[in-house]
Q: 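The structure follows.
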Amino acid sequence: MPQITLPDGSTRSFDNAVTIAEVAASIGEGLAKAALAGRVNGVLVDTSHSVEIEAEVAIITERDAEGIEVLRHSCAHLMAQAVQRLFPKAQVTIGPVIEDGFFYDFSYERPFTPEDLIAIEKEMGVLVKENLRVDRTVLSREDAIALFQEKGETYKVEIISSIPGDEDLSFYRQGDFIDLCRGPHVPSTSKFKAFKLTSVAGAYWRGDSNNEMLQRVYGTAWGSKKDLNLYLQRLEEAEKRDHRKLGKSLNLFHFQEEAPGMAFWHPKGWTIYQIVQRYMQVRQDATNYKEINTPQLVDYSLWEKSGHAAKFADEMFSVESDNRMYAIKPMNCPCHIQVFNQGLKSYRDLPLRLAEFGSCHRYEPSGSMHGLMRVRSFVQDDGHIFCTEDQIQAEVADFMDLLFSVYTDFGFDDVILRLSTRPEKRVGSDEIWDEAEKSLKDALNATGLPWELVPGEGAFYGPKIEYSLKDCMGRIQQCGTIQVDFFTPGRLGAHYIAEDNSRKTPVMLHRAVLGSFERFIGILIEHYAGAMPAWLAPEQAIILNITDKQSQYCTEVEESLKNKGFRVTTDLRNEKIGFKIREHTLQKIPYLLVVGDKEVESGSVAVRKRGGEDLGPMTIDDFCEYLSQDVARLGRSEESTVAD
RNA sequence: GCUCGCAUAGCUCAGGCGGUAGAGCACUCCCUUGGUAAGGGAGAGGUCCCCGGUUCAAUUCCGGGUGUGAGCACCA
C-alpha cells in the first residue's frame with residue numbers, strides 16, 4: 001500500500017504498487033505526458049519504476065535540470081541507434097552527458113563526415129516519429145557478454161567485463177537497439193523536441209593516445225526549440241567574443257607561420273599588456289615581493305639538476321652554441337633559486353619573495369595551441385617564495401588576499417578554488433606531503449569559501465591550489481596557482497642557517513595570480529568582448545572634428561588630455577561625423593569627443609560613450625575629471641564590466 | 001602528437017569538373033566641409049601557403065610539408 005509524498009508536501013495513497021508514470025497520470029494528463037523520469041527518495045528512476053511502499057516521489061520533466069540530463073543521455077542513445085541503422089558496422093562504445101549536451105563515441109571503418117552528421121540527425125527525427133518505447137531490462141553479466149559478443153560489439157564486451165562486482169547490469173532497449181546503461185532514460189523516443197548534432201571529431205578509446213581513435217559525435221538537446229535556439233545564440237555570442245577574432249579586428253596582435261604559438265603584439269595590444277604588467281608590479285611591490293630578472297638561456301645542466309629535463313625534455317627548446325647546450329627557459333624557478341643561493345641566507349631572511357616577469361618558452365604540442373590562450377612563448381606574473389615549513393600557511397593566506405583583490409580589480413568576482421593533492425609519481429615522503437596538503441587545506445578553509453578536492457592532480461614536487469575565475473559567459477578559466485615545493489630547492493643546493501645554527505633547506509612556493517599575461521589578456525578580451533574598461537583601453541578617447549575648421553582646437557585638446565596622462569588620439573580625416581562615430585565605435589574606444597564650432601566657441605567637447613549614450617558637452621577639465629574617475633574604478637564598476 | 005577539415009587581395013569571403021581569378025570593406029587620388037553608426041567618383045592592389053608529382057598546361061588533380069580550426073591526448 002504505497003503512500004506517496006509529493007514535493008509540495010501533499011500525499012497520495014494507492015492500493016497497489018504504482019509506477020512513476022501512473023503517479024504522474026493521477027496528478028494530471030499534462031504531467032503524465034511531460035514525465036521524463038522520477039525521483040524516489042532522492043534516487044532518479046525511470047517512469048516505469050514501480051513504487052511499492054511509502055516514499056517521497058517527484059515527477060521529473062524537462063523543467064528540471066535532472067530532466068534535461070536524462071533527456072540528453074537518452075538523446076545520445078537515440079543518436080547511437082540512428083548511427084547503427086545507417087552504418088550497421090559501427091560499434092558503440094560510450095555516450096555520456098556533458099555540459100550543454102552529450103556525445104557518443106563510435107568505432108567505424110572511416111571517419112564520419114559533416115554529411116553523415118546531417119543524415120544521422122535526419123534518422124534521429126525518423127526514430128522520434130516512430131515513437132519507440134524505451135524499456136529497461138536486467139541481464140546477468142554472462143548473458144550480457146554473450147549478447148554483445150553475438151552482436152560483434154567488442155568495445156561493449158570490454159566495458160561490461162571491466163565493471164567490477166558481479167551484480168546484474170541494466171540495459172535499455174528501444175526497437176532493435178540495446179545499450180548497457182545505468183539510466184534512467186526517457187520512456188519513449190517521442191520525447192525529443194529539440195536536438196542538434198554539433199560536431200564530429202576523433203577521440204581516443206578510454207582517453208589513451210595509445211589506443212584506437214574513435215569517432216566522437218557531439219550533440220545537444222533541450223526541452224524546447226526555444227531553449228535550443230538560446231543555446232545556439234550563446235555559441236554565436238561566444239564566437240563574436242573570440243579573442244583571436246577581436247585581436248585582429250581591434251589590431252591588438254597577430255600570429256604568423258614563422259613563429260607558431262608566439263604572439264606579435266601590436267601597439268594597442270602591447271598597451272594593454274603593459275598596463276596589466278605595471279599594475280601587477282605595483283601590487284607586488286606593495287606586498288613585499290622583490291622583482292628580479294634572470295637569463296632566458298641557461299646551460300642544459302641546470303635543467304638536468306632541477307629534474308625538469310628528465311620530465312619535460314621534449315617540451316623544451318634548446319640551443320647549441322660554442323659546443324654548449326643551452327635550454328631556453330621554460331620556467332623561472334631554477335633561476336630564482338640561483339638568486340637565492342647568492343650569499344648565505346639566514347632564517348631571518350625568510351620568507352623571501354622573489355618575482356619575475358620572465359619570458360618563458362615551451363614547445364607545446366601543435367594541436368594544443370589556441371590563440372593567446374595556449375602559446376609557446378609567454379610571460380607569467382611569476383613569483384617564488386622561499387620560506388620555512390611553519391610559514392607556508394601564512395604565506396598562502398597572504399597570497400590569496402592579493403589574488404582576490406587583483407581579480408576584483410579586473411572585474412572577476414567569482415573565483416573557483418581547487419586543491420590538487422599527491423599524484424602517483426612524486427618525490428618526497430608521505431609525511432611531508434601530509435603536512436603540505438594540510439597547510440593548503442587550512443589556508444583554503446580560512447577563506448570560508450567552498451573549494452574542491454582534486455586527488456592525484458598535484459605536481460610531482462608538491463600539492464597545489466588552482467584558482468579559476470568565471471568570465472561573463474560563465475566559462476571557467478584557470479589563472480592563478482600556488483604550489484608547495486619541498487624538492488627543487490634541495491636539488492639545486494638552496495639552504496639557510498636556522499635559529500639553532502643548523503643548515504636547512506627552504507620550502508619554495510611557486511605562485512602566480514594572473515598566470516600568463518598572454519592567456520589572461522585573452523580572457524580579458526573575451527570577458528569584455530573587446531570593450532575594455534577605461535583603465536585598460538589602449539585608446540581611452542578620440543577627438544573627432546566636424547570640419548577642418550576645428551582641427552587646430554582638436555589638436556590642442558589632444559595635447560592637454562595627453563599631458564594629464566590619458567591615452568587620446570584625434571581623427572581629423574575629411575569624413576562625415578557619422579562615419580567616424582561608426583568606425584571608432586566598432587573599435588570600441590570608450591569615449592568619442594565630438595568637436596564642432598559650438599564646442600570650439602565654448603571650450604568644450606561633446607562626449608559620447610561607445611555604447612551610444614550621449615553625455616552632452618563638457619569642459620575639458622570636467623571631462624578629465626570624469627575620465628579620471630572612470631579609470632580609478634578599474635574593472636570594479638558594474639557599468640564597465642558590461643560590454644557595451 | 002593523433003583524427004578530420006581549412007589555406008584565394010591588407011581584412012571578410014566568392015570562384016573555377018585543369019587554360020595564371022572576382023566582390024564588399026580597407027588603401028591612394030579627385031569631388032564633397034557634412035553635427036552623432038557607412039556621402040560620391042576614379043585608381044592601384046594577387047607567387048591563389050610551400051615543395052614535389054601527373055599533364056602540352058596545375059591556383060584547381062595526386063603526394064609530402066608548414067600553418068590554422070574543432071575535438072582528443074598533453075599542460076612544469
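Here is the naming used below: chain letters follow the sequence lines, and residue numbers restart at 1 for every chain.
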Q: Could you give the distance from CG (A:L354) to CD (A:E291), rounded to the nearest 0.5 Å?
A: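 Here the rounded value is 10.5 Å.
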
Q: Could you tell me whether the side chains of A:Y289 and A:R511 share a donor-acceptor contact shorter than 3.5 Å?
A: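 The criterion, which ignores hydrogens and geometry beyond distance, is satisfied for A:R511 and A:Y289.
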
Q: Who pairs with A:E437 by salt bridge (Lys or Arg N to Asp or Glu O under 4.0 Å), at least two apart in sequence or on another chain?
A: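 Salt bridge (Lys or Arg N to Asp or Glu O under 4.0 Å) check on A:E437 returns A:R422.
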
Q: When rounded to the nearest Å, what value does the distance between P atoms of B:G46 and B:A9 take?
A: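 The same atom, P, in both gives a distance of 11 Å.
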
Q: Between A:S368, A:P330, A:P260, which is the residue that forms a side chain to side chain contact (heavy atoms under 4.5 Å, CB included) with A:R376?
A: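 The residue from A:S368, A:P330, A:P260 that satisfies side chain to side chain contact (heavy atoms under 4.5 Å, CB included) with A:R376 turns out to be A:P260.
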
Q: Given B:A76, B:C72, B:C27, which nucleotide is nearest the side-chain atoms of A:R362?
A: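 Selected nucleotide: B:A76.
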
Q: Does a side-chain heavy-atom distance below 4.5 Å link A:R418 with A:Y467?
A: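 Answer no - side chains too far apart.
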
Q: When you compare the protein's N or O atoms with those of nucleotides 62-67 of chain B, which come within less than 3.5 Å of each other, and at what distance?
A:
from, atom 1, to, atom 2, distance (Å)
B:U66, O2', A:E257, OE1, 3.3

Q: Going through the checks in order, is the side chain to side chain contact (heavy atoms under 4.5 Å, CB included) test met by A:R608 and A:E613?
A: CA-CA 6 Å; A:R608 178 188 162 113; A:E613 193 188 341; over 6 Å; no

Q: When all nucleic acid strands are considered with a 4.0 Å heavy-atom cut-off, which category describes A:H370: base, sugar-phosphate, or nothing?
A: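 Sugar-phosphate: the residue A:H370, judged by heavy atoms under 4.0 Å, touches backbone atoms but no base.
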
Q: Can you identify which nucleotide, out of B:C75, B:A70, B:G35, has its nearest atom closest to the A:F312 side chain?
A: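 In terms of side-chain proximity for A:F312, the closest of B:C75, B:A70, B:G35 is B:C75.
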
Q: Which comes earlier along RNA chain B counting from the 5' end, the contact point of A:E315 or that of A:G371, where each point is its nearest nucleotide?
A: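 Looking at RNA chain B, the more 5' nearest nucleotide goes with A:G371.
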
Q: Would A:D630 and A:Y591 count as having a side-chain donor-acceptor pair, cut-off 3.5 Å?
A: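 Yes, side-chain donor-acceptor contact under 3.5 Å.
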
Q: Could you give the CD-to-C1' distance, from A:E599 to B:U36, as a whole number of Å?
A: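 Roughly 11 Å, once rounded to whole Å.
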
Q: What do the steps show when you test A:R519 against A:Q478 for side chain to side chain contact (heavy atoms under 4.5 Å, CB included), and what is the final call?
A: CA-CA 10 Å; A:R519 182 180 149 70; A:Q478 201 236 302; 4.2 Å; yes

Q: Count the heavy atoms belonging to other residues, nucleotides or ligands that lie under 6.0 Å from CD of A:E109, then report whether that count exceeds 12.
A: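 Atom CD in A:E109 is crowded, with more than 12 foreign heavy atoms closer than 6.0 Å.
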
Q: In whole Å, measure the gap between the P atoms of B:U47 and B:A38 for me.
A: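 After rounding to an integer number of Å, I get 35 Å for this pair.
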
Q: Taking the side chain as every heavy atom from C-beta outward, state whether A:I272 and A:M532 have any atom pair closer than 4.5 Å.
A: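 With C-beta onward as the side chain, the pair touches.
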
Q: Using a cut-off of less than 4.0 Å, is there contact between a side-chain N or O of A:H254 and OP1 or OP2 of B:G10?
A: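 A:H254 to B:G10 OP1/OP2: no side-chain N or O under 4.0 Å.
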
Q: In this structure, how many angstroms lie between the P atom of B:A70 and the CG atom of A:L214, rounded?
A: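 In whole Å, B:A70 P lies 21 Å from A:L214 CG.
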
Q: Applying ring-ring contact (aromatic ring centres under 6.0 Å, His included), name anything that partners A:H336, two or more places apart in sequence or on another chain.
A: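 Once residues adjacent in sequence are excluded, the partners of A:H336 under the ring-ring contact (aromatic ring centres under 6.0 Å, His included) criterion are A:H384.
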
Q: Rounded to the Å, how far apart are A:L252 CG and B:C11 C1'?
A: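 So the two atoms are 15 Å apart, to the nearest Å.
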
Q: Rounded off to whole Å, could you give me the CG-to-C1' distance for the A:L372 and B:U68 pair?
A: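 Rounded to whole Å, this separation is 15 Å.
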
Q: Side chains of A:Y300 and A:S318: closer than 4.5 Å at any heavy-atom pair?
A: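 Yes, their side chains come closer than 4.5 Å.
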
Q: Roughly how far apart, to the nearest Å, are B:G65 and B:U3 at atom P?
A: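 Between the two P atoms, the distance is 11 Å.
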
Q: Counting heavy atoms from C-beta on, name the nucleotide in B:A70, B:C72, B:A73 closest to the side chain of A:P365.
A: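 In terms of side-chain proximity for A:P365, the closest of B:A70, B:C72, B:A73 is B:A73.
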
Q: With a 4.0 Å cutoff (strictly under), does any side-chain N or O of A:K580 reach OP1 or OP2 of B:G35?
A: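 Answer is no, no contact under 4.0 Å.
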
Q: Nearest to the side chain of A:S199, heavy atoms from C-beta on, is which of B:C72, B:A70, B:A76?
A: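 Closest nucleotide among those given: B:A70.
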
Q: Map A:H308 and A:D614 onto RNA chain B by nearest heavy atom, then report which one ends up closer to the 5' terminus.
A: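 First, find each residue's nearest nucleotide; the 5'-ward one identifies A:D614.
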
Q: What protein N or O atoms touch nucleotides 37-39 of chain B N or O atoms at under 3.5 angstrom, if any, and at what distances?
A:
from, atom 1, to, atom 2, distance (Å)
B:A37, O4', A:R582, N, 3.4
B:A37, N7, A:R608, NH2, 3.3
B:A38, N6, A:R582, NH2, 2.6
B:A38, N1, A:R582, NH2, 3.1

Q: Tell me the interatomic distance from A:N251, atom CG, to B:C11, atom C1', rounded to whole angstroms.
A: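 Taking CG of A:N251 and C1' of B:C11, I get 11 Å after rounding.
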
Q: Applying salt bridge (charged side-chain N to carboxylate O under 4.0 Å, His left out), which residue pairs with at least one partner in residues 537-549 of chain A are found, sequence neighbours left out?
A: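 Every pair satisfying salt bridge (charged side-chain N to carboxylate O under 4.0 Å, His left out) with a residue in residues 537-549 of chain A: A:K268-A:E539, A:K549-A:D597.
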
Q: At a heavy-atom distance below 4.0 Å, what parts of residues 538-554 of chain A sit against RNA chain B?
A: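 A:I546, A:T547, A:D548, in order of number.
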
Q: If the condition is ring-ring contact (aromatic ring centres under 6.0 Å, His included), which residues does A:W205 pass it with, not counting sequence neighbours?
A: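 A:Y155.
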
Q: Please say which of A:F517, A:W265, A:F264 ends up in a ring-ring contact (aromatic ring centres under 6.0 Å, His included) with A:F253.
A: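 Only one option passes, and that is A:W265.
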
Q: Got A:L214 and A:Y108 here, is their nearest side-chain heavy-atom distance under 4.5 Å?
A: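 Side-chain contact under 4.5 Å: no.
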
Q: Starting at OH of A:Y104 and ending at P of B:C72, how long is that distance when rounded to a whole Å?
A: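 Value for this atom pair: 18 Å.
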
Q: Can you check whether A:Y218 has a side-chain N or O nearer than 4.0 Å to OP1 or OP2 of B:C72?
A: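 Yes, such a contact exists.
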
Q: Name the closest nucleotide to the A:D597 side chain, picking from B:C2, B:G35, B:A76.
A: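 Nearest to the side-chain atoms of A:D597, counting from C-beta on, is B:G35.
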
Q: Measure CZ/A:F317 against C1'/B:C75 and give the value in whole Å, please.
A: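 Rounded to the whole Å, the gap is 14 Å.
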
Q: By a strict heavy-atom criterion of less than 4.0 Å, which residues belonging to residues 291-299 of chain A are in contact with RNA chain B?
A: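 Those residues: none at all.
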
Q: Do you see a donor-acceptor pair shorter than 3.5 Å between the side chains of A:E356 and A:T294?
A: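 There is such a pair between these side chains.
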
Q: To the closest 0.5 Å, what do you measure between CD1 (A:I465) and CZ (A:F399)?
A: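 It comes to 8.5 Å.
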
Q: Could you list the protein-to-nucleotides 3-5 of chain B atom pairs, N/O on both sides, closer than 3.5 Å?
A:
none

Q: Mind listing the side-chain donor-acceptor pairs of residues 245-252 of chain A below 3.5 Å, one per line with the distance, residues two or more places apart or on another chain?
A:
from, atom 1, to, atom 2, distance (Å)
A:S249, OG, A:K245, O, 3.4
A:N251, OD1, A:H266, ND1, 2.7

Q: Who are the side chain to side chain donor-acceptor pair (under 3.5 Å) partners of A:T619, not counting sequence neighbours?
A: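 Testing A:T619 for side chain to side chain donor-acceptor pair (under 3.5 Å), a comparison that skips the adjacent residues, returns A:D622.
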
Q: Quick one: is A:R244 getting a side-chain N or O under 4.0 Å of the B:G69 phosphate, OP1 or OP2?
A: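 Looking at the OP1 and OP2 atoms of B:G69, one of them is under 4.0 Å from a side-chain N or O of A:R244.
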
Q: Using a heavy-atom cut-off of 4.0 Å across all strands, would you classify A:G307 as base, sugar-phosphate, or nothing?
A: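 Since no nucleic acid heavy atom lies under 4.0 Å of A:G307, the category is nothing.
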
Q: Give me the distance, rounded to whole Å, that separates B:U8 from B:C13 when you measure between the C1' atoms they each carry.
A: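 So the two C1' atoms sit 9 Å from each other.
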
Q: Return one dot-bracket line describing RNA chain B 5' to 3' (Watson-Crick or G-U wobble pairs, both distances under 3.5 Å; ( ) same strand, [ ] crossing, | another strand, . none).
A: (((((((..((((.....[..)))).(((((.......))))).....(((((..]....))))))))))))....

Q: Without decimals, in angstroms, what is the distance between A:L235 CG and B:A70 C1'?
A: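 The distance from CG of A:L235 to C1' of B:A70 comes to 13 Å, rounded to the nearest Å.
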
